[in-house]
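These numbers come from the heavy atoms of this one structure, side chains and all, not from hydrogens, waters or symmetry mates.
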Amino acid sequence: MATIHWFKRCVVSEVTQVFFFFGCYQTCLPESIIIGTKSFSRHSSLTVDRQYFRSAAMAQFWKPGTEKPRLLDDEEGGVLFYSASPSSSHTYGYASLEKQRQRLPVFKYRTSILYLVETHSTTIIVGETGSGKTTQIPQYLKEAGWADGHIIACTQPRRLAVQSVAARVAEEMGVKLGEEVGYTIRFEDVTNSDLTRIKFLTDGVLLREMMDDPLLSKYSVIMVDEAHERSLSTDILLGLLKKIQRRRPELRLIIASATIEAKSMAAFFQTRKRRPQLEGEDRGLQTEPAILSVEGRGYNVQILYVEEPVSDYLRATVSTVMSIHDNEPMGDILVFLTGQDDIDTAVQLITEEAQNSGKSSLGMIVLPLYSGLTRADQDLVFSPSPRGKRKVVISTNIAETSLTLEGIVYVVDSGFSKQRFYNPITDIENLVVAPISKASARQRAGRAGRIRPGKCYRLYTEDYFVNEMSSHGIPEMQRSNLVSSVIQLKALGIDNILGFDWPASPSSESMVRALEVLYSLGVLDDDAKLTSPVGFQVAELPLDPMISKMIIASDQLGCSEEIITVSAILSVQSIWISVKGQRELDGAKLRFAAAEGDHVTFLNVYKGFLQSNKSSKWCHKNFINYHAMKKVIEVREQLRRIAQRLGLALKSCENDMQVLRKAVTAGFFANACRLEPYSHNGMYKTIRSSQEVYIHPSSVLFRVNPKWVIYNSLVSTDRQYMRNVISIDPSWLREAAPHFYQQQPLNANRL
DNA sequence: GAGCACTGC
């Protein structure tokens with residue numbers, strides 16, 4: 001392909017001599033802590049590289065058994081760096097497991113960690129993947145007696161991590177999972193209230209627990225793991241834990257992360273300046289956070305940068321993969337691109353290129369990886385590559401944190417990912433391709449060093465990495481719609497949302513917008529307090545507040561069974577299988593299509609699924625995602641239980657779809673749109689802000705264009721597309737939200 | 001007639 005050669009030619013022609021630079025520095029520590037590694041130096045040795053890359057720095061990850069630099073920097077930031085003294089040896093039943101435990105890097109810090117937790121309210125532990133912090137620290141705490149009469153909690157951002165870590169710890173302790181060691185995730189509580197002493201849980205579950213027990217009084221130590229990811233729920237949790245600490249000085253917090261800005265996190269938990277006479281300090285408990293750094297266990301990853309910025313990262317990706325395959329020893333390749341579109345194209349281009357070049361096609365298996373794939377397709381990437389073959393996985397961010405692939409030796413990093421951004425003025429969340437942060441780049445590179453030393457090819461220049469890439473991404477909190485977060489805080493009795501102490505404050509526009517939406521839903525009153533009962537009921541449901549409101553309205557309208565089904569379907573990613581050739585999918589959709597719109601279509605799919613006896617074959621035949629439907633069933637059951645607890649009547653409207661549409665209107669009235677009169681291209685305008693929007697072609701109402709519709713969400717590409725659309729009668733709007741629409745020109749006769 | 005990074009309750 002001529003286009004691919006362009007990249008090679010261009011670079012080759014400009015590279016006359018290439019240098020190798022060697023430097024030894026630790027990428028696993030935040031810059032603020034590395035200041036003491038004086039040995040860091042860069043000396044260049046002249047080598048001609050046959051690649052088109054310049055090896056600018058060797059990212060040296062610490063290996064077990066090597067001495068690490070020690071430093072003490074307690075001048076300002078409160079960084080305590082303890083020397084690694086061997087812990088006293090203990091003997092436990094499981095010899096081989098015990099040996100393994102002692103070989104983990106974190107073991108050398110056992111005494112230091114216990115000392116810090118004993119003497120400090122908050123301990124920040126920085127440790128790379130493989131340091132063993134997640135599995136070992138809860139055990140150390142238990143061995144030291146922190147579980148006597150209390151529970152040790154360890155939170156994770158993801159369900160899978162909770163399950164696997166809990167299983168591992170139970171195994172190491174030689175106990176049955178669910179007894180002394182347990183875990184809780186949504187839909188699964190594998191704990192025993194009498195026996196469980198170490199409990200793993202998602203941070204979202206811990207937030208929910210706070211609704212019943214605001215001070216989290218059954219926990220003695222709470223370890224918040226992967227805090228560097230700065231997810232929405234982690235940040236809310238950190239803000240709330242800081243508040244709890246003031247009421248419960250004896251509670252110990254451990255904030256664990258890979259590449260956190262340790263000092264800024266420490267500054268967040270720094271309370272001394274504001275309250276010089278904290279109760280805890282009288283008892284020798286330091287309220288100033290301690291920071292401890294633990295080395296990881298990855299192998300060296302050599303970082304290579306492009307000499308010149310690439311104009312087309314897709315082409316650059318293809319030629320880089322081909323070059324690795326032709327020139328480098330065996331080992332699988334992991335490529336980070338942005339989304340399904342790019343990935344499918346890259347898979348195709350690489351496959352073609354390999355076939356054209358003849359010999360190299362023999363040894364390559366090229367596989368896509370993104371969440372929209374079916375389970376079977378995702379499993380392909382986990383099967384070991386056949387002898388003599390090189391596996392090339394082209395992935396989204398899913399391989400950065402959520403999934404770990406073994407056998408990766410080479411990483412190709414495009415430097416981009418899709419990120420969500422929220423505009424509080426237009427109230428629209430956009431998904432845009434944006435440059436990643438240094439922290440992400442390091443995380444991606446680290447994926448190459450899991451089994452042996454690897455290489456990471458960055459499709460951007462070193463100068464760009466050093467001077468332009470931001471060190472950490474923007475926390476999710478500052479990129480999201482905050483309605484769900486605000487209602488959670490309200491439910492926990494946080495009245496002053498605008499004054500809440502966040503690890504990273506969201507814009508006041510976002511918060512004001514969230515308050516407005518909640519007010520219009522009747523969830524907050526004039527004093528911005530939760531209304532009773534609607535506000536409390538909405539807060540209790542683990543859903544977007546607009547969906548929760550829809551459920552509550554369905555009680556009066558007598559269609560709660562149907563609305564709960566619709567809610568469950570709206571809260572899973574997509575019930576349709578994503579296929580490249582969409583013809584068949586469109587045909588399949590037609591079988592379920594309802595004139596009223598997508599919500600009713602969903603109901604038809606659900607009914608069909610039940611009639612098929614929840615058959616996976618039936619799903620396959622109808623282009624429906626079986627795993628998504630199973631999740632729908634689970635979510636639906638949970639919602640029914642909560643609805644009953646809230647005193648809502650579970651009732652079916654049978655075939656009266658008008659009440660169902662009214663219930664949807666009660667939750668989503670703010671998303672009402674009117675077809676522009678005389679519009680020939682299906683243009684709608686939102687009632688609230690006269691924004692130009694169109695029905696998404698995936699909707700059953702595409703080209704049907706009813707005069708009045710309500711959408712569930714907007715997707716913006718070159719146009720604003722409404723997804724999941726239902727037709728309504730405009731008179732229902734004022735009925736559902738009189739205050740919201742009192743000044744809006746709703747006269748349908750104007751059409 | 002177009003496209004949905006990834007989590008989580």
Side-chain angles (χ1 to χ4, degrees), chain A residues 155-162 184-189 201-211 226 229-237 336-345 369-373 395-403 414 416-421 429-434 436 440 473 476 479-480 484-485 487-488 491 539-545 547-548 567-568 571-583 585-586 625 628 631 634-635 638-639 642 681-682 694-699 702-703 712-724:
Chain A
T155 73
Q156 297 288 321
R158 280 171 293 278
R159 297 160 52 92
L160 197 65
V162 168
T184 308
I185 56 181
R186 187 181 185 183
F187 309 130
E188 260 183 87
D189 183 10
L201 67 175
T202 49
D203 34 27
V205 167
L206 190 61
L207 279 176
R208 286 277 154 188
E209 282 191 7
M210 288 179 72
M211 289 202 183
E226 312 287 358
E229 290 186 19
R230 305 303 300 272
S231 76
L232 211 50
S233 43
T234 306
D235 268 15
I236 299 175
L237 187 60
F336 286 102
L337 290 180
T338 57
Q340 185 175 337
D341 231 26
D342 276 4
I343 289 169
D344 289 340
T345 310
L369 177 62
Y370 42 82
S371 75
L373 291 175
S395 173
T396 60
N397 257 3
I398 194 170
E400 195 178 305
T401 47
S402 304
L403 296 176
S414 65
F416 291 98
S417 69
K418 281 199 179 167
Q419 291 163 36
R420 183 169 56 203
F421 287 95
E429 276 184 331
N430 275 347
L431 208 52
V432 294
V433 173
I436 59 169
S440 279
E476 200 181 3
R479 299 185 278 115
S480 309
S484 295
S485 307
I487 196 170
Q488 268 186 313
E540 196 77 17
L541 287 157
L543 297 166
D544 179 293
I547 299 183
S548 305
S567 303
S571 71
V572 307
Q573 232 165 21
S574 172
I575 58 165
W576 305 105
I577 285 176
S578 59
V579 243
K580 211 41 179 155
Q582 292 278 286
R583 287 265 168 77
L585 174 56
D586 287 348
N625 184 332
K631 187 155 186 217
E634 274 188 323
V635 174
Q638 187 195 23
L639 296 180
I642 297 174
N681 60 349
Y694 297 83
I695 293 181
H696 195 280
S698 68
S699 167
F702 178 67
R703 282 206 287 235
N712 181 72
S713 61
L714 282 184
V715 175
S716 62
T717 50
D718 48 333
R719 284 175 171 181
Q720 304 286 351
Y721 283 107
M722 302 181 266
R723 290 184 63 215
N724 299 329

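- Between L373(A) atom CG and dC4(B) atom P the separation is 16 Å, expressed in whole Å.
- Distances shorter than 4.0 Å separate none of the side-chain N or O atoms of S574(A) from OP1 or OP2 on dC4(B).
- Nucleotide dA5(B) holds its P atom 8 Å from the CG atom of D341(A), rounded to whole Å.
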Between L232(A) and S485(A), is a side chain to side chain contact (heavy atoms under 4.5 Å, CB included) present by the stated rule, with each step listed? CA-CA 8 Å; L232(A) 211 50; S485(A) 307; 3.8 Å; yes

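- Side-chain N/O atoms of R159(A) include one lying less than 4.0 angstrom from OP1 or OP2 on dC9(B).
- Using modelled atom types and a 3.5 Å distance limit, the side chains of S402(A) and E400(A) yield no donor-acceptor pair.
- Computed from coordinates, the L201(A) CG to dT7(B) P distance equals 19 Å when rounded to whole Å.
- Phosphate proximity of dC6(B) to S371(A): present, with a side-chain N or O under 4.0 Å from OP1 or OP2.
- Looking at heavy-atom distances under 4.0 Å, L431(A) makes contact with a base.
- Across all strands shown, R158(A) has heavy atoms under 4.0 Å from sugar-phosphate atoms exclusively, and none from any base.
- When heavy atoms are screened at a 4.0 angstrom cut-off, Y721(A) is found touching the sugar-phosphate backbone but no base atom.
- The residue I185(A) sits close only to the backbone: its heavy atoms come under 4.0 Å of sugar-phosphate atoms, none of a base.
- S417(A) comes within 4.0 angstrom of nothing in the nucleic acid, heavy atoms only.
- Counting to the nearest Å, the P atom of dC4(B) and the CG atom of D342(A) are 12 Å from each other.
- Between the P atom of dC9(B) and the CE atom of M210(A) lies a distance of 17 Å, rounded to the nearest Å.
- Contact annotation: the side chain of T234(A) never approaches that of R230(A) to less than 4.5 Å [non-hydrogen atoms, C-beta and beyond].
- Among the atoms of the strands shown, only primed sugar atoms or phosphate atoms (P, OP1, OP2) are found under 4.0 Å from some heavy atom of S402(A).
- D342(A) and Y370(A) form no side-chain donor-acceptor contact under 3.5 Å, judged by distance and modelled atom types alone.
- Comparing S571(A) and R479(A) by the nucleotide of DNA chain B that holds the closest heavy atom to each, the one mapping nearer the 5' end is R479(A).
- N625(A) contributes a side-chain N or O that, together with a main-chain N or O of A628(A), makes up a donor-acceptor pair within less than 3.5 Å.
- When the nucleotides dA2(B), dG1(B), dT7(B) are ranked by their closest atom to the side chain of H696(A), dA2(B) comes out on top.
- A side-chain donor from one of D203(A) and S233(A) sits under 3.5 Å from a side-chain acceptor of the other.
- Residue T202(A) has a polar side-chain atom (N or O) positioned under 4.0 Å from OP1 or OP2 of dC9(B).
- Distance, R719(A) CZ to dG1(B) P: 9 Å, rounded to whole Å.
- Of the candidate nucleotides dC4(B), dC6(B), dC9(B), dC6(B) has the atom nearest to the side chain of T396(A).
- Going from atom CD1 of I343(A) over to atom C1' of dC4(B) covers 12 Å, rounded to whole Å.
- Within 4.0 Å of Q573(A), counting heavy atoms only, lies at least one base atom of the nucleic acid.
- The separation between Q340(A) atom CD and dG3(B) atom P is 12 Å, rounded to whole Å.
- Residue-level contact check: R420(A) touches the bases, meaning some heavy atom is under 4.0 Å from a base atom.
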